[in-house]
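Because the structure is a prediction, the values reported are computed rather than measured.
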Amino acid sequence: MTERDAELFPGLREYLRARYGPEADDAKIEPLAAKTGTIKEGGYGMPYTMSWTTSGERRRFVLETVRPGDFGHEDRADRAAILLRAYEDYRTLSKHVAAVDVGAFRDRGPAVSLGETGEAFLLTEFCEGEAYAADFDRVAERGGLEERDRARALALADYLAGIHGEPVSHPTWYRRRMRELVGSGECIAGIADSYPVPFGFIDDRLLHEIEALALGWRYRLRPRADRLRTIHGDFHPWNILFRSGTDFSVLDRSRGAFGDPADDVASLAVNFLFFALRTAGRFGGPFAELFRLFWDRYLERSGDEGLVEVIAPHLAFRALVLANPIWYPKESEPLRRHLFRFILSVLESDRFEVNRIPGYLKRAGP
């Protein structure tokens with residue numbers, strides 16, 4: 001470990017030695033680079049890989065922290081809460097990378113499992129695989145689908161239908177998730193606050209309109225606690241790692257173990273729409289086909305007839321992220337306009353219908 005590592009992660013060397021033995025003194029620490037394109041920027045933190053050899057066996061882990069800043073991450077307590085939640089929730093979801101420990105750094109003495117400490121950190125196992133987002137890049141480049149592309153979309157729909165299968169009984173979790181969807185620093189309100197307004201056609205008036213519509217949806221959905229299920233909470237293409245065929249693992253479960261299945265469905269589905277707009281300028285081509293495959297398979301396997309009645313604010317949240325220049329700085333103004341028209345259209349509609357997506361994109365303004 002270098003002086004830079006010691007400055008970034010005070011006490012980490014001692015922590016690793018105490019937990020894994022003296023061989024961990026030779027741990028190599030490197031930023032975990034994404035194995036995909038560069039359209040997505042920003043993020044809540046930079047993960048690092050740590051690797052060393054013990055008795056001829058290579059040990060590899062991932063170290064995660066949360067970067068100070070907005071999105072509800074201003075204080076150390078905010079950031080620690082996210083990692084404590086992740087430690088609990090990573091371990092209870094099938095196919096999720098395993099959490100090993102949660103602890104905190106301190107300026108004097110070894111990092112500890114908590115106490116008189118500084119910033120918190122999360123240690124997870126290292127998971128082999130390539131982000132599903134890399135498949136999107138390949139489909140965009142070739143302009144068409146292969147059978148593996150279709151099989152993976154179906155496998156992801158089956159996975160979600162599986163984890164969403166059993167209802168969860170809890171007196172407050174559903175209302176909490178609906179409240180956070182509209183008002184959390186990581187969801188609609190926080191993403192809106194992060195826009196560098198004015199930015200082209202995007203201004204406070206437009207963001208206010210979206211938040212007002214979303215608030216109406218919160219009150220519409222508050223009584224729907226019967227929909228509470230086990231969910232992932234951030235099921236997008238950068239949090240899904242594929243190996244060969246349809247073998248995959250998931251990363252970065254977020255904001256709690258329970259919520260509405262619409263959260264997960266929207267998180268992935270809106271990326272098919274996004275890439276259709278990036279490549280075809282409309283809801284068409286191979287990504288529209290993937291959207292329909294994923295959507296139809298999920299409805300078939302889950303039997304969730306109420307999904308179309310509740311998914312609108314979840315789609316709006318995810319599209320608001322994709323339209324945000326902080327996260328996706330290289331996108332064109334026409335694409336951002338399409339996304340905002342989609343957001344407003346779905347929030348203004350009582351039901352979401354895939355066949356109406358082309359019409360949503362043609363809404364007058366902004």
For [X] and [Y], indicate whether the former's side chain and the latter's backbone hold a donor-acceptor pair under 3.5 Å.
X: Arg278; Y: Ala140; value: no
X: Ser254; Y: Asp252; value: yes
X: Arg336; Y: Ala323; value: yes
X: Asp203; Y: Leu206; value: yes
X: Asp264; Y: His232; value: yes
X: Ser332; Y: Leu335; value: yes
X: Arg177; Y: Arg179; value: no
X: Arg152; Y: Gly245; value: yes
X: Trp217; Y: Leu347; value: yes

Under 3.5 Å, is there a donor-acceptor pair between the [X] and [Y] side chains?
X: Asp204; Y: Tyr195; result: no
X: His164; Y: Tyr298; result: yes
X: Ser249; Y: Arg243; result: yes
X: Thr92; Y: Arg253; result: yes

Quick check for you: to the nearest 0.5 Å, what is the distance between [X] atom [atom1] and [Y] atom [atom2]?
X: Leu93; Y: Ile231; atom1: CG; atom2: CD1; value: 10.0 Å
X: Leu268; Y: Phe291; atom1: CG; atom2: CZ; value: 9.5 Å
X: Arg229; Y: Ser302; atom1: CZ; atom2: OG; value: 9.5 Å
X: Ser267; Y: Ile240; atom1: OG; atom2: CD1; value: 7.5 Å
X: Tyr132; Y: Leu156; atom1: OH; atom2: CG; value: 5.5 Å
X: Arg13; Y: Ile29; atom1: CZ; atom2: CD1; value: 8.5 Å

Criterion side chain to side chain contact (heavy atoms under 4.5 Å, CB included) against Trp327, the qualifying member of Leu322, Leu320, Ile191: Ile191

Does a salt bridge link [X] with [Y], judged by any charged N lying under 4.0 Å from a carboxylate O?
X: Asp296; Y: Arg292; result: no
X: Asp149; Y: Arg142; result: yes
X: Arg224; Y: Asp260; result: no
X: Arg19; Y: Asp101; result: yes
X: Asp304; Y: Arg227; result: yes
X: Glu146; Y: Arg138; result: no
X: Glu147; Y: Arg150; result: yes

ILVMFWY cluster, [X] and [Y] together (side-chain gap under 4.5 Å):
X: Phe342; Y: Leu277; result: yes
X: Leu241; Y: Tyr48; result: no
X: Leu251; Y: Leu84; result: no
X: Leu228; Y: Val182; result: no
X: Val66; Y: Tyr87; result: yes

Derivation of the salt bridge (Lys or Arg N to Asp or Glu O under 4.0 Å) call for Arg255 and Glu186: CA-CA 9 Å; Arg255 292 180 286 277; Glu186 291 188 354; 2.7 Å; yes

Full working for salt bridge (Lys or Arg N to Asp or Glu O under 4.0 Å) between Glu128 and Arg60: CA-CA 10 Å; Glu128 296 285 354; Arg60 296 185 78 184; 3.6 Å; yes

Of the non-hydrogen atoms in [X] and [Y], which two are nearest, and what is the gap between them?
X: Ala276; Y: Ala288; answer: CB-N, 4.3 Å
X: Phe258; Y: Thr230; answer: CE2-OG1, 4.0 Å
X: Ile326; Y: Ser194; answer: CG1-O, 3.4 Å
X: Ala153; Y: Phe294; answer: O-CD1, 3.7 Å
X: Arg220; Y: Ser349; answer: NH1-O, 4.3 Å
X: Val97; Y: Glu125; answer: CG2-O, 3.1 Å

Phe121 and Phe105: CA distance, side-chain angles, deciding distance, ring-ring contact (aromatic ring centres under 6.0 Å, His included) verdict: CA-CA 7 Å; Phe121 65 86; Phe105 304 114; 4.8 Å; yes

Near-ring test Phe283/Tyr360, centroid separation under 6.0 angstrom: no

Trp295 and Phe352 aromatic ring geometry - parallel, tilted or perpendicular at 30°/60° bounds: perpendicular

Aromatic plane relationship, Phe275 with Trp238 - under 30° parallel, 30 to 60° tilted, over 60° perpendicular: tilted

Full working for ring-ring contact (aromatic ring centres under 6.0 Å, His included) between Phe61 and Phe126: CA-CA 5 Å; Phe61 297 96; Phe126 178 84; 9.7 Å; no

More than 12 heavy atoms from other groups under 6.0 Å of NE2 on His208: no

Salt bridge (Lys or Arg N to Asp or Glu O under 4.0 Å) between Asp234 and Arg318, intermediate numbers included: CA-CA 10 Å; Asp234 205 19; Arg318 300 295 174 173; 2.7 Å; yes

Audit row: Glu289, Leu145, side-chain contact (heavy atoms from CB on, under 4.5 Å) steps and yes/no: CA-CA 9 Å; Glu289 182 181 343; Leu145 300 179; 3.4 Å; yes

CA sep, side-chain torsions, deciding dist, call: Leu221, Arg175, side-chain contact (heavy atoms from CB on, under 4.5 Å): CA-CA 8 Å; Leu221 297 183; Arg175 283 194 171 198; over 6 Å; no

Note, Arg337 side chain near Phe340 side chain (heavy atom, < 4.5 Å): no

Step-by-step ring-ring contact (aromatic ring centres under 6.0 Å, His included) determination, Tyr15 to Phe9: CA-CA 10 Å; Tyr15 166 84; Phe9 313 118; over 10 Å; no

From CA spacing to verdict: ring-ring contact (aromatic ring centres under 6.0 Å, His included), Phe136, Phe287: CA-CA 8 Å; Phe136 286 54; Phe287 290 104; 5.6 Å; yes

Audit row: Val62, Glu64, side-chain contact (heavy atoms from CB on, under 4.5 Å) steps and yes/no: CA-CA 6 Å; Val62 176; Glu64 300 183 22; 4.0 Å; yes

